[in-house]
Asks: 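Before we start, here is the structure in question, set down as structure tokens.
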Amino acid sequence: MKRELEAKVYAGERLSREDGVALYECDDLAWLGRLAHHKRTELNGDRVMFNVNRHLNLTNVCSASCAYCSFQRKPGEKDAYTMRIDEAVRKAKEMEDEQLTELHIVNGLHPTLPWRYYPKVLRELKAALPNVKLKCFTATEVQWFEKISGLSASEILDELMDAGLESLTGGGAEIFDWEVRQHIVDHACHWEDWSRIHRLAHEKGMRTPATMLYGHIEEPRHRVDHVMRLRELQDETGGFAVFIPLRYQHDFHDSADGKVRNRIQERTTMAAPAESLKTFAVSRLMFDNVPHVKCFWVMHGLSVAQLSLNFGADDLDGSVVEYKITHDADSYGTPHTMHREDLLDMIWDAGFQPVERDTRYQVVREYEKAPSLAERRSEPQKIWA
Ligand code: SF4
């Protein structure tokens, strides 16, 4: 079976659902890494893309209570917050000196905030930071906007684009298979709406990301199914720029009211680093039509993020200030912020050439190639958290 799969990968043949499941069943991590690295090198050489961005969460107040989510609060709960527009602008401007290129904004599904708030925030942010691209809202939020505004998704996207929206974010995808989804997702946006909204975004010229939340109650076959659905949609639209496997996190954070909001952690573990590397590798091998695979280092720690670059990933997100959604969950001591220089060092240390990109994956700046292994070994190696 390994020989067959290897032959298919080296011949550039598309892998089937059964191939994907077989890859997950394989415990030869070094072999999987070699195959994925071959594919990644064919597509992206020894380049690792990164961007300098800031994450903003305008509100953590949410009408839904997804079982894996540590971020959401109900109105009036301790820690519940909603930013005024000037506050959002002030926070965004804090990183102006870092030559920020992207703001990444996702939020709870606020029960009473009016639809008008959202395009207004975008307009003000764009006016304050005209060179910064706005990557905002999950498909779940767009579907929520349909509900609170009475507008269609098409009208909503038009208005948001007019206000400065460059791309949707890839969230809300989790695991599409209903067998799993019904137990973890508490809002109304499932595959049919998620794919409808991204298809629409692609028709309007956006390039969007797609995510997958893994390492909770799903099985490898659900991950393969998730990737197959996205691959089919990508065959149709070509609008996905990147696939991002996101590692499910337990809730280790002491919230102000002492509540643990993550309702599945009693019956789940979290994916170990080897499982994460396998997920990167299989995703890279299955997706023959999506150019990039991203490691969102906040969810993996920096050492695993460096390793993921040898397991199919070629994109690191990002500088990431105040990523509340994961930092409300984790206890791994991952930093809140990586500056441009930190990211460059991390990529060079791993033996790759850093390339700074913008939201549309256009090159902002190419940096020098990595120093040779001998040069890197001549100095004490850094330890990354
Ligand atoms: S995952 Fe999103 S929609 Fe679900 S509870 Fe959390 S904030 Fe709300």
Side-chain angles (χ1 to χ4, degrees), residues 55-83 88 104-113 115 117-118 121 135-149 153 156 168-178 180-198 208-218 222 226 244-253 255-257 259-266 268 270 296 298-299 320 322-330:
H55 284 239
L56 265 187
N57 308 117
L58 300 170
T59 180
N60 63 355
V61 176
C62 189
S63 304
S65 301
C66 298
Y68 55 84
C69 179
S70 312
F71 172 70
Q72 43 87 20
R73 298 287 184 278
K74 299 300 162 230
E77 277 195 285
K78 278 187 191 166
D79 299 358
Y81 74 88
T82 302
M83 284 185 198
H104 181 120
I105 301 179
V106 293
N107 318 290
L109 309 175
H110 196 292
T112 53
L113 208 53
W115 147 244
Y117 169 85
Y118 299 95
V121 180
K135 184 160 83 181
C136 314
F137 312 125
T138 59
T140 307
E141 289 180 84
V142 173
Q143 196 213 27
W144 179 253
F145 299 155
E146 289 186 287
K147 182 176 159 145
I148 62 173
S149 69
I156 284 163
L168 294 179
T169 68
E174 325 316 357
I175 288 285
F176 289 125
D177 191 316
W178 187 246
V180 173
R181 195 171 183 86
Q182 62 182 315
H183 299 294
I184 61 169
V185 167
D186 181 48
H187 52 70
C189 186
H190 306 302
W191 167 248
E192 294 70 20
D193 285 307
W194 195 97
S195 56
R196 168 178 68 87
I197 288 164
H198 278 265
T208 65
T211 62
M212 172 176 77
L213 187 73
Y214 71 93
H216 42 89
I217 60 169
E218 91 292 356
H222 300 118
H226 190 90
I244 315 164
L246 299 173
R247 186 171 76 136
Y248 157 77
Q249 311 276 315
H250 276 189
D251 185 357
F252 297 103
H253 176 80
S255 59
D257 54 12
K259 269 191 202 165
V260 175
R261 288 173 174 78
N262 187 323
R263 300 194 307 283
I264 48 172
Q265 69 184 38
E266 292 292 311
T268 55
M270 286 169 54
F296 185 47
V298 181
M299 288 187 166
V320 188
E322 200 176 292
Y323 187 69
K324 288 190 72 63
I325 290 176
T326 297
H327 278 292
D328 277 3
D330 86 15

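Quick note: numbers below take in every heavy atom, side chains included, and nothing from hydrogens, waters or symmetry partners. Numbering of ligands and ligand atoms starts at 1, following listing order. Keep in mind that this is a model prediction, so the values were computed, not measured.
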Asks: Counting each atom of ligand 1 from 1 as listed, which ones have a heavy atom of His187 under 4.0 Å away?
Replies: 3 (S)

Asks: For the pair His104 and His55, name the ring-plane relationship: parallel under 30°, tilted 30 to 60°, perpendicular over 60°.
Replies: parallel

Asks: Considering all protein heavy atoms, does one lie under 4.0 Å from atom 2 (Fe) of ligand 1?
Replies: no

Asks: Arg247 side chain to Met299 main-chain N or O, any donor-acceptor pair under 3.5 Å?
Replies: yes

Asks: Using a strict cut-off of 4.0 Å, indicate which atoms of ligand 1 neighbour a heavy atom of Tyr68.
Replies: 1 (S)

Asks: Would you check if the side chain of Asn107 reaches a backbone N or O of Asn57 as a donor-acceptor pair within less than 3.5 Å?
Replies: no

Asks: Regarding Glu174 and Tyr248, is there a side-chain donor-to-acceptor distance under 3.5 Å anywhere?
Replies: no

Asks: What are the two closest heavy atoms between Arg181 and Phe176, and how far apart are they?
Replies: CD-O, 3.7 Å

Asks: If you take all heavy atoms of Tyr117 and Thr82, which pair is closest and at what distance?
Replies: OH-CG2, 4.4 Å

Asks: Which of the protein's N, O or S atoms come within less than 2.8 Å of atom 6 (Fe) of ligand 1, not counting waters?
Replies: Cys69 SG

Asks: Filter on salt bridge (Lys or Arg N to Asp or Glu O under 4.0 Å), then keep only pairs touching residues 184-195, sequence neighbours left out; what's left?
Replies: Asp193-Arg196

